[in-house]
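Just below is one structure, and these are the notes that go with it.
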Amino acid sequence: MNDLTPLRRTIVREPVRNLSRRGFLGAASGALLLGVGMRLSPAAAQVRAEGAAAIAPKPGTRISAFLEIRPDSSVRLLSPFVEGGQGINTGLAQTIGEELDLNPARFAVECAPPGPDYAVVNGLRMTGGSFSTRSSFEAMRRLGATAREMLMRAAAANLAVPQDSLTTDDGRVIHAASGRSLEYGALAGAALALQPRDDIALKDRRDFRWIGKPVARLDMRDKSTGRAVYSIDIRLDGMLHAAVQHAPHLGTEPETIANEAEVRDMPGVQGVHRLPGAVAVVADTWWRARKGAEALQVAWTKPAPEGIATVSESFSSAAMLAALKGANEPGVSAESEGDPTGAFKGAAQVVEAEYDAPYLAHAQLEPPSAVARFTEDGSLDLWLPNQMPELFQQVAAKTAGLDPEKVRIHSPMLGGFFGRHFFYGPANPFPQAILLAKATGKPVRVLWSREEEFGMDAVRPLGFARFKAALGHDGMPVALQTTAVGEGPIGRWFGALFQSPVDSSVVEGLDRKPYAIPNRRLDYVKVLHPVTIAFWRSVGHSMNDYFYESFLDEIAQAGGKDPFALRMALLKESARHRTLLQAAADLAGGWQQGPFQAEDGTRRARGVSMASPFGSETATIAEVSLKDGEARVHDLWIAIDPGSVVNPAIVKRQVESAAALGLSSTLLEQVVYEGGKRQARNFDAYPILDRDRMPKVHVTIVESRAPMGGIGEPGLPGVPPAVVNAVAVLTGQRLRSLPLAKARLSGA
């Protein structure tokens, strides 16, 4: 995978540049076109980009975004990010519109084509890691402010007035003294001749008109009326449809097809094709292709009989967990503070525990699909859901045997996010679409059935952690030893980029905690998974914060402490975290652990947790009861501090959706392997949170003005430990393995 990973880049911030005079205009002649530049080291130079990304001010310069104001006053933003329901298009429009003084509702936002110009995330281009808004916020503000200043300069010349006598208001430059005004569109041509200035002042936050306000989402109407276009909706003239049957064991290949001739004769079938690890049927409709694919009688090569080096014939989730638990070799130090060894020697009490969490599917609503079309000049158009257009361009080019500049990636809106749409090798259908389009000479759409998706989806890794705490005579923790065992998606897919002995996606949520435990050590033990692993919403935090915060409650119990009070005491050095924890308690009407009797007569308890994911901070309280042997969550109170926010309505919706996914994984979800095969092939065997189990979610936003953090993922990690901590109060038992559905719960 090393040749497919992005290049390491060195970034130097550059000023906003006017690109229009460098030949970009084309059909949009007369438009004002701006970009925010970032310079890369020469070693990071990539192949020639295409489209809007092709024209850079000079070699090695990257353009994060383009703002186009056309003569008819229409406005377009070419975004470096992919909209997948997280609201990034609206947030960008608010950010740029604030400084440009243009209503965000007047923006049309499109995803930019591949090109190094859009590498705004630490020198990479990606949509993920809850990083889009915070990585581009200042650059987008600067872009809008620079555009506004150029328009005002053009207006000053047009009206023959001093520039400082002008103001702007929602797309107009106004000269109040004479009552004259000019639309931005009328000024765009003149503004093209101006050199952008590097010293433009940004607005004071007190003057914000749209940033920090609950602006309506730009994609809301299209989604509500069915006009939003996803990859699954793409149709091209002459397009064929393909359905796939994958090998039952990952890594095996088709040998023979007993009934290939019969399937070729089925109605509408255009051909039967062998693919790496799969067979495909191409037909004039997808239903006919699917019926053909399901009818194929394929003999496959044999997997290894046993072991976990590959997905062997005997591979199972239980065997993988046993391997993680059995890995007792010394690990690599991921964090070390104080003298844990000495602290344990003088401990009044030692507490130990082991935690694990299962493989998880993404289970997004839209099944994976891709459309490939070769053009007469031999180039390739590819429509596919993705979170890294440039990476997909590189992989597609290698698959097609083309130079990357001959591959045009089209990135439609994502029909489900959750980390599913990075490149995960055999878990992606677009290489199949490319091979089939090449073989047939026609555009081909590959769509995986729900069963094939559940069989091939790249999964969140199964995780395991071991804890050991030393308590003093006052019941307070004085030392903590943690060992995280396994493999994460950072190491699997981006190891060549980060080149660290510690996989950050395995230890995140266990390291850099805000609690004042003086002696700490965190070790990482690498054990590879044979299955295809992936990023999953909140990545390592999705399990590690459950491990850590649950064990912290065990420490509280062993030391005779209230878990809320213990956290407050351990946060004595962080006013930010204490404020946030108190905000969650205030939102819940005050902290009470329980058990207690609710107004409806149910016996309930509360659990509390904190998490520090993706630059944001969260505090979560869950109220839980037991019914028919199951946990019933009635309320989740979540306080989030992302530093500052662009759109509070989007923040709340993202926290709510993340909480729902976190609760679903806590109560129900797990991917189980037996005999080398995944047992669940559809939602009937992979239950997810339903409406009856969905609690009320209460969200409060605390803006501490710390550096801006992420939003899409931070609402999830605090939910599992808060729920499990409440369940422990009700049952008197500590459940250290998810999901809770594996156990029948009864009150203490």
Side-chain angles (χ1 to χ4, degrees), residues 1-7 46-54 80-82 84 111-119 124-128 230-232 234 236 239-242 244 246 273-278 280 282 366-414 420-448 456 458 493-494 496-497 532 534-535:
M1 293 307 303
N2 291 348
D3 57 330
L4 303 182
T5 52
L7 298 170
Q46 296 185 0
V47 298
R48 180 175 59 83
E50 63 186 29
F81 305 109
V82 183
C111 182
D117 307 307
Y118 302 99
L124 296 173
R125 184 190 183 183
M126 61 172 287
T127 306
Y230 301 91
S231 178
I232 199 172
I234 302 297
L236 304 177
M239 185 179 77
L240 296 175
H241 301 261
V244 180
H246 289 97
H273 302 267
R274 289 168 172 79
L275 297 167
V282 177
E366 181 188 18
S369 63
V371 178
R373 178 184 66 189
F374 286 90
T375 59
E376 291 183 359
D377 65 359
S379 61
L380 171 65
D381 283 289
L382 193 60
W383 289 261
L384 76 163
N386 72 89
Q387 294 176 239
M388 292 187 74
E390 286 73 18
L391 176 58
F392 280 71
Q393 183 187 44
Q394 293 177 37
V395 179
K398 187 172 183 179
T399 303
L402 297 173
D403 292 330
E405 67 265 25
K406 291 188 176 181
V407 178
R408 289 174 293 276
I409 300 292
H410 307 271
S411 305
M413 192 178 300
L414 302 179
R420 175 63 179 94
H421 300 298
F422 286 103
F423 176 68
Y424 301 123
N428 296 90
F430 74 92
Q432 298 172 342
I434 294 170
L435 295 174
L436 293 172
K438 197 170 188 178
T440 61
K442 295 182 179 181
V444 173
R445 182 187 73 149
V446 172
L447 172 64
W448 286 359
M456 293 301 295
W493 303 110
F494 294 97
L497 176 66
T532 309
F535 296 95

Point to revise | Partners passing ring pair (Phe, Tyr, Trp, His ring centres under 6.0 Å) against Tyr424 (at least two apart in sequence or in another chain) | key: Trp493
Practice item. State whether the side chain of Gln387 and the backbone N or O of Met126 hold a donor-acceptor pair below 3.5 Å, judged by distance alone. Key: no
Review point. If only atom types and distance count, is the side chain of Ser411 paired as donor or acceptor with the main-chain N or O of Val82 below 3.5 Å?
Key: no
Review point. What do the steps show when you test Phe423 against Met388 for side-chain contact (heavy atoms from CB on, under 4.5 Å), and what is the final call?
Key: CA-CA 8 Å; Phe423 176 68; Met388 292 187 74; over 6 Å; no
**Study point:** Check: Ser379 and Glu405 side chains under 4.5 Å, non-hydrogen atoms
**Key:** no
Study note, to complete from the structure: Nearest heavy-atom contact between Gln432 and Ala278 is NE2-CB, 4.1 Å
Practice item. Work out which heavy atom in Gly84 is nearest to a heavy atom in Leu414; give both atom names and the distance. Key: CA-CB, 3.7 Å
Check your understanding: Would His241 and Leu447 satisfy side-chain contact (heavy atoms from CB on, under 4.5 Å), going step by step from the backbone distance to the final call?
Key -> CA-CA 8 Å; His241 301 261; Leu447 172 64; over 6 Å; no
Practice item. Evaluate the side-chain contact (heavy atoms from CB on, under 4.5 Å) criterion for residues Trp448 and Val244: first the C-alpha distance (whole Å), next the side-chain angles of each, then the deciding distance (0.1 Å), finally the verdict. Key: CA-CA 6 Å; Trp448 286 359; Val244 180; 4.1 Å; yes
Check your understanding: At what distance, to the nearest 0.5 angstrom, does CZ of Phe494 lie from CZ of Phe422?
Key -> 6.0 Å
Point to revise | Those residues that, when tested against Asp403, pass salt bridge (Lys or Arg N to Asp or Glu O under 4.0 Å) (two or more places apart) | key: none
Study note, to complete from the structure: Shortest non-hydrogen pair, Pro389 vs Ile409, comes out as O-CG1, 3.9 Å
Study note, to complete from the structure: For Pro429 and Val446, the nearest pair of non-hydrogen atoms, with its separation, is CB-CG1, 4.0 Å
Study note, to complete from the structure: Interatomic distance, OG1@Thr127 vs NE2@His421, rounded to 0.5 Å, equals 11.5 Å
Practice item. Taking the side chain as every heavy atom from C-beta outward, state whether Ile434 and Leu382 have any atom pair closer than 4.5 Å. Key: yes
**Study point:** Residue pairs, two or more places apart or on separate chains, that pass ring pair (Phe, Tyr, Trp, His ring centres under 6.0 Å) and touch residues 368-391
**Key:** Trp383-His410
Review point. Taking all non-hydrogen atoms of both residues, which atom of Met239 and which atom of Val371 are closest, and how far apart?
Key: SD-CG1, 4.0 Å
Review point. Who passes salt bridge (Lys or Arg N to Asp or Glu O under 4.0 Å) against Arg445, sequence neighbours left out?
Key: none
Revision key, fill the gap. Note: Pro80 and Arg125 closest approach over all heavy atoms is O-NE, 2.8 Å
Practice item. Would you please test Leu380 and Thr375 for side-chain contact (heavy atoms from CB on, under 4.5 Å) and show each step? Key: CA-CA 6 Å; Leu380 171 65; Thr375 59; over 6 Å; no
Check your understanding: Does any N or O in the side chain of Thr399 come within less than 3.5 Å of the main-chain N or O of Val395, such that one atom is a donor and the other an acceptor?
Key -> yes
Review point. Heavy-atom distance under 4.5 Å between the side chains of Leu435 and Pro276, does that happen here?
Key: yes
Check your understanding: Got a donor-acceptor contact below 3.5 angstrom from the Asn428 side chain to the Pro426 backbone?
Key -> no
Exercise for review: Return each pair, listed once, that meets salt bridge (charged side-chain N to carboxylate O under 4.0 Å, His left out) where at least one residue sits in residues 435-444; pairs must be two or more places apart or across chains.
Suggested key: none
Practice item. Scan for salt bridge (charged side-chain N to carboxylate O under 4.0 Å, His left out) pairs involving residues 366-381, sequence neighbours excluded, and state none if there are none. Key: Arg373-Asp381, Asp381-Arg408
